[in-house]
Amino acid sequence: MLHLASMMKSRPADFRKALAGRHVVMFFEKPSLRTRLTFEAGVASLGGSISFVDQTQGRLDAREKLSDIAHNLERWVDAIVLRTFAHSTIEGMAEYACVPVVNALSDLEHPCQALADYLTLQERFGNLKKIRLAYVGDGNNVAHSLLLTAACLGSKIRIATPEGYGANERIVADAFEIAEQTGAEIDILSDPHEAVRGVDAIYTDAWASMGQEHEAGERARIFPPYQVNDELAAGAAPHAVFMHCLPAHRGEEITDSIIDSVRSVVFDQAESRLHAQKAILTLLLGGGKSRIPVRSAHA
Ligand code: CP
Ligand code: NVA
């Protein structure tokens, strides 16, 4: 996927018709700037079309059963892109619909972001197996997808989170299991200084994710030792880059001096979303498969 993303970035003209005649639909239960616009721009640049359904006023399955929605959508569209609170909504859609379903962020994972992040690191440093990435802050959806992606790529990742805000145990177990096959090195820590020591990249994200706004005050008391600032960054390698999925809360998880530094790659990451997602959709839909449902009976 990363290889295709790089090719699509360097030779966009070769892929202008990759999704010709294909239609994608997005349902978002949470706000978005980057994800929505990069899917829209990406599909347009591949000759496809895309619809956006603003689902922020109510959960996707509030009006009718998820399986009924899935069996409608599969008759009309070639792929479904979902941003949801419950990860089970995405899994349910993938189970019921016979067209590909892409996770555009759930409470549990944000895989499109992690692919874009590793594309950014590959462009910057080359061999991803040698990259040492430290994620410091909340053990959230972004941390989970970085862990799983690093594990699949055979890369080296450390995450440091405060007590009580660690990564999901099942995700960590899955990452370690994958790492046994790929040779990835994973360290789960609590000390942010230990995590960043000598690394090539420091990554952080919001202390309170979408849907956790009511916890922001409590988290603001717990997370300050995990702020990515000049003092913490001094422990990384001199060439280390600074990463954030955005939106950033400047002065909270990251200081202006870091996010605006010449070593910040946050806008490279945002650009990479476009190329990574174009590759995802092209791999899922570019093979010319029919969208006629293949099931004889509905689940
Ligand atoms: N990083 C990211 O997913 O941004 P949006 O929430 O703006 O889509
Ligand atoms: N962890 C953040 C990521 C935003 C792109 C959230 O879920 O709000």
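FYI, the numbering just counts along the sequence from 1. Numbering of ligands and ligand atoms starts at 1, following listing order. Bear in mind that the values here come from a model prediction, so they are computed numbers and not experimental data.
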Worked check of side-chain hydrogen bond (donor to acceptor under 3.5 Å, both in side chains) between Gln277 and Thr38 | CA-CA 8 Å; Gln277 289 159 196; Thr38 49; 2.9 Å; yes
Of the listed options Asn140, Leu108, Asp205, Asp138, closest to atom 2 (C) of ligand 2 (non-hydrogen atoms) |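 When every heavy atom of Asn140, Leu108, Asp205, Asp138 is considered, Asp205 comes closest to atom 2 (C) of ligand 2.
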Which is closest to atom 5 (P) of ligand 1 in terms of heavy atoms, Leu33, Asp117, Asn141?
->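 Of the listed residues, Leu33 has the closest heavy atom.
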Show your working on salt bridge (charged side-chain N to carboxylate O under 4.0 Å, His left out) between Arg197 and Asp191 and close with a plain yes or no.
-> CA-CA 10 Å; Arg197 197 173 303 135; Asp191 180 352; 5.3 Å; no
Taking the six-membered ring for Trp, are Tyr135 and Tyr203 parallel (under 30°), tilted (30 to 60°) or perpendicular (over 60°)?
->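 Tyr135 vs Tyr203 ring planes: tilted.
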Can a cation-pi geometry be assigned to Arg59 and Phe85, taking NZ or CZ under 6.0 Å from the six-membered ring centre and within 45° of the ring axis?
->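 Positive - Arg59 is close enough to the ring of Phe85 and near enough to its axis.
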Are any of the N/O atoms in Met210 less than 3.5 Å from those in ligand 1?
->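 Looking only at distances, the answer is no, because the N/O contact criterion of under 3.5 Å is not met.
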Leu246 N/O to ligand 1 N/O under 3.5 Å =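 N/O-N/O distance below 3.5 Å exists for this pair.
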Give the intermediate values and the outcome of side-chain hydrogen bond (donor to acceptor under 3.5 Å, both in side chains) for residues Arg83 and Ser106.
-> CA-CA 6 Å; Arg83 170 167 285 201; Ser106 69; over 6 Å; no
Phe267, CZ atom: more than 12 neighbouring heavy atoms under 6.0 Å |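 Count not over threshold, so no.
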If you count the atoms of ligand 2 from 1 in the order shown, which ones are under 4.0 Å from a heavy atom of Asn141?
->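 Listed by number with element, the hits are 1 (N), 2 (C), 6 (C), 7 (O).
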Looking only at protein heavy atoms, which one is nearest to [atom], and what is the separation?
{"atom": "atom 8 (O) of ligand 2", "result": "Met210 N, 2.8 Å"}
{"atom": "atom 2 (C) of ligand 1", "result": "Arg273 NH1, 3.3 Å"}
{"atom": "atom 4 (O) of ligand 1", "result": "Arg34 NE, 2.8 Å"}

Between Ser209 and ligand 2, does any nitrogen or oxygen pair lie at a separation below 3.5 Å?
->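 Yes; at least one N/O pair falls below 3.5 Å.
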State if Leu246 counts as touching ligand 2 under the rule of any non-hydrogen atom under 4.0 Å.
->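 Contact check Leu246 vs ligand 2: positive.
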Relative to the heavy atoms of His110, which atoms of ligand 1 are at a distance of less than 4.0 Å?
->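 Heavy-atom distances to His110 below 4.0 Å select 2 (C), 3 (O).
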Stepwise side chain to side chain contact (heavy atoms under 4.5 Å, CB included) test for Leu108 and Asn168 = CA-CA 8 Å; Leu108 191 66; Asn168 175 287; 3.8 Å; yes
Backbone N or O of Gly251 within a donor-acceptor pair of the Thr255 side chain at under 3.5 Å?
->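 The answer is no, because no donor-acceptor pair under 3.5 Å joins these two groups.
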Ligand 1-proximal atoms of Arg83, by part, heavy-atom distance under 4.0 Å =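 For Arg83, only side-chain atoms sit under 4.0 Å from ligand 1.
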What part of Lys30, side chain from CB on, backbone N/CA/C/O, both or neither, has a heavy atom under 4.0 Å from ligand 1?
->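 It is neither; nothing of Lys30 touches ligand 1.
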Please test Phe223 against Tyr165 for ring pair (Phe, Tyr, Trp, His ring centres under 6.0 Å), starting from the C-alpha separation and ending with a verdict.
-> CA-CA 10 Å; Phe223 279 81; Tyr165 295 90; 5.1 Å; yes
